[in-house]
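Following: one structure in structure tokens, then a few remarks.
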Amino acid sequence: MSVTERRVEAPGGATVCLEVDGPGAEQPVVFVHGNPSNAEDWRPFLERLDGRRRALAPHVLGWGPSERPAGFHWTMENLDRWVEGLLDALGVRRFDLVVHDWGSIALAAAQRRPQDVGRVVVIDAVPLLPGYRWHWVARMWRRRGVGELVNATMSRPGTGMLLRQATPRRGTLPELVERIHEHLDAGTKRAILELYRDADPDRLAHFGRELDRLSGPSLVIWGDHDPYLGSELAEAYGRALGGVPRVELIPDAGHWPWLDQPDVIELVASFLEAS
């Protein structure tokens, strides 16, 4: 496999981008990860697409080996603009988009340029939708003092215990725990608190108010045992996106459904290759 890495200077802060080559260089697939992990989540997808589609997976600013600029504030708006600037820095004009968890912030940038967006895949994503109320872990991060205490006590065993809920399988997703803690530092912890505290329910809905402008082929994938973002949100995204979205509930799968059901990787790759 030939997943490569390169540093990218983007307005607001630099990052590292994972990349594979393949046909469709003029319209690559862009994968955007969520919290508290990083772009390594997407490595099995990139390996599957290697030689078949050009694909890019940046580490979002503040996570993974990206920069943690002292003057940057992790608001939804700032991350949205950072994603847009990153696409420009990568020389990406037209693109297909795959998002997971907080990667949904890339949908905000996509709404402003729907003519440039091809296929869209939404996987267990933070809902840019009206009426959502945060899950219990997010409520702790959003609460001042409590969130700082949670972050101060984050350890590999603690994260493992927390992530037991994230999968219906027995165990603690050890590979995910290691991926999270490889780069988890004070900068990432600050980013987590600032982002969640900015994300009031009305702001979530505001950033997704024009999802129907994304009218190309779309696929919504959701683990039916996601303890953080209930599977009813899959249908809600299906109603919000333009076109005729395909909604797939993945049985016996949690918040990272491809870790429980690896066939999800093939499902996503086949959908993207259809373009």
Side-chain angles (χ1 to χ4, degrees), residues 4-19 30-43 56-92 97 99-110 112 125-126 128 134 137-156 158-159 162-163 176-204 206-207:
T4 60
E5 301 182 14
R6 62 170 164 134
R7 181 179 171 86
V8 183
E9 298 287 342
T15 191
V16 173
C17 187
L18 308 183
E19 185 172 358
V30 178
F31 290 84
V32 187
H33 70 84
N35 173 68
S37 194
N38 55 61
E40 289 292 335
D41 279 353
W42 300 122
R43 188 173 286 271
L56 308 165
H59 295 276
V60 174
L61 191 70
W63 283 264
S66 68
E67 290 184 342
R68 281 87 160 131
F72 190 89
H73 295 288
W74 276 268
T75 64
M76 295 178 68
E77 182 175 23
N78 285 348
L79 273 183
D80 168 21
R81 295 298 182 181
W82 180 83
V83 169
E84 189 167 45
L86 176 68
L87 292 173
D88 291 339
L90 288 167
V92 172
L97 180 63
V99 303
H100 173 248
D101 191 80
W102 262 116
S104 63
I105 199 64
L107 293 171
R112 289 193 298 276
V126 168
L128 304 184
W134 279 113
V137 181
R139 291 199 300 270
M140 289 197 297
W141 275 324
R142 283 170 56 80
R143 186 174 175 183
R144 298 194 180 278
V146 176
E148 282 79 3
L149 181 60
V150 170
N151 280 352
T153 57
M154 286 180 76
S155 63
R156 280 176 170 80
T159 300
L162 191 66
L163 291 180
L176 181 58
V177 172
E178 288 304 310
R179 190 151 64 241
I180 290 169
H181 278 270
E182 182 180 3
H183 298 287
L184 185 66
D185 58 14
T188 300
K189 292 176 180 180
R190 178 167 72 92
I192 292 170
L193 296 185
E194 289 187 1
L195 179 57
Y196 276 95
R197 289 171 183 175
D198 181 63
D200 294 333
D202 60 336
R203 298 215 358 107
L204 293 174
H206 171 77
F207 276 84

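Just so it is clear, the values below take in all heavy atoms, side chains as well, and ignore hydrogens, waters and symmetry mates. Please read these numbers as outputs of a predicted model, since none were measured by experiment.
Classified by interplanar angle (parallel below 30°, tilted 30° to 60°, perpendicular above 60°), the ring pair Trp42/His100 is perpendicular.
With sequence neighbours excluded, the residues satisfying salt bridge (charged side-chain N to carboxylate O under 4.0 Å, His left out) with Glu178 are Arg156. Listed by chain and residue number, Arg113 satisfy the side-chain contact (heavy atoms from CB on, under 4.5 Å) test with Asp88 (two or more places apart in sequence, or in another chain). Phe72 pairs by the ring-ring contact (aromatic ring centres under 6.0 Å, His included) definition with Trp74, not counting sequence neighbours. Not counting sequence neighbours, the partners of Glu148 by the side-chain contact (heavy atoms from CB on, under 4.5 Å) test are Leu193, Arg197. Every side-chain contact (heavy atoms from CB on, under 4.5 Å) that Asp185 has, sequence neighbours left out, goes to Arg68, Thr188.
Two residues are said to be in side-chain contact when any heavy atoms from C-beta on lie closer than 4.5 Å; Glu84 and Arg112 meet this criterion. With contacts defined as side-chain heavy-atom distances shorter than 4.5 Å, the pair Ile180/Leu163 qualifies. Side-chain contact between Trp63 and Thr15 is absent, with no heavy-atom pair separated by less than 4.5 Å.
Sorted by first then second residue, the salt bridge (Lys or Arg N to Asp or Glu O under 4.0 Å) pairs that include residues 8-18, not counting sequence neighbours, are Arg7-Glu9.
Contact record, Leu195 with Thr75: CD1-C, 4.2 Å, taken as the closest heavy-atom pair. Contact detail for Arg142 and Trp134: the closest heavy-atom pair is CD-CD1, 3.4 Å. Closest non-hydrogen pair, Val32 versus Ala106, comes out as CG2-CB, 3.8 Å. Shown here for Ala89 and Ala10, the closest heavy-atom pair between the two residues is CB-CA, 4.3 Å. Nearest heavy-atom pair, Arg179 versus Asn38, reported as atom, atom and distance to 0.1 Å: O-ND2, 3.1 Å. Pairing each heavy atom of Gly12 with each of Leu61, the nearest pair is O-CD2, 3.9 Å.
Atom CE of residue Met154 and atom CG of residue Leu162 lie 7.5 Å apart, to the nearest 0.5 angstrom. Of the inter-residue distances, the one linking Thr159 atom OG1 with Leu176 atom CG reads 9.0 Å to the nearest 0.5 angstrom. With rounding to the nearest 0.5 Å, the separation of CE in Met140 from CG in Leu149 is 9.0 Å. Rounding to the nearest 0.5 angstrom, the gap separating the CG atom in Asp200 from the NE2 atom in His206 is 12.5 Å.
Although no hydrogens or angles enter the test, the distance criterion places a donor-acceptor pair under 3.5 Å between the side chain of Trp82 and the main chain of Gly13. With hydrogens and angles ignored, the 3.5 Å screen pairs no side-chain donor or acceptor of Glu19 with any backbone N or O of Thr4. Proximity of a side-chain donor or acceptor of His33 to a complementary backbone N or O of His59 within less than 3.5 Å is not detected. Between the Asn151 side chain and the Lys189 main chain, a donor and an acceptor come within less than 3.5 Å of each other. A donor-acceptor distance shorter than 3.5 angstrom exists from the side chain of Ser104 to the backbone of Val126, with no hydrogens or angles considered. Counting only distance, with no hydrogens or angles, the side chain of Asn35 and the backbone of Trp102 share no donor-acceptor pair below 3.5 Å.
Within 6.0 Å of CZ on Arg143 lie no more than 12 heavy atoms contributed by other residues, nucleotides or ligands.
With Val30 as the fixed residue, the side-chain contact (heavy atoms from CB on, under 4.5 Å) test singles out one of Leu86, Val83, Leu87, Leu90: Leu87.
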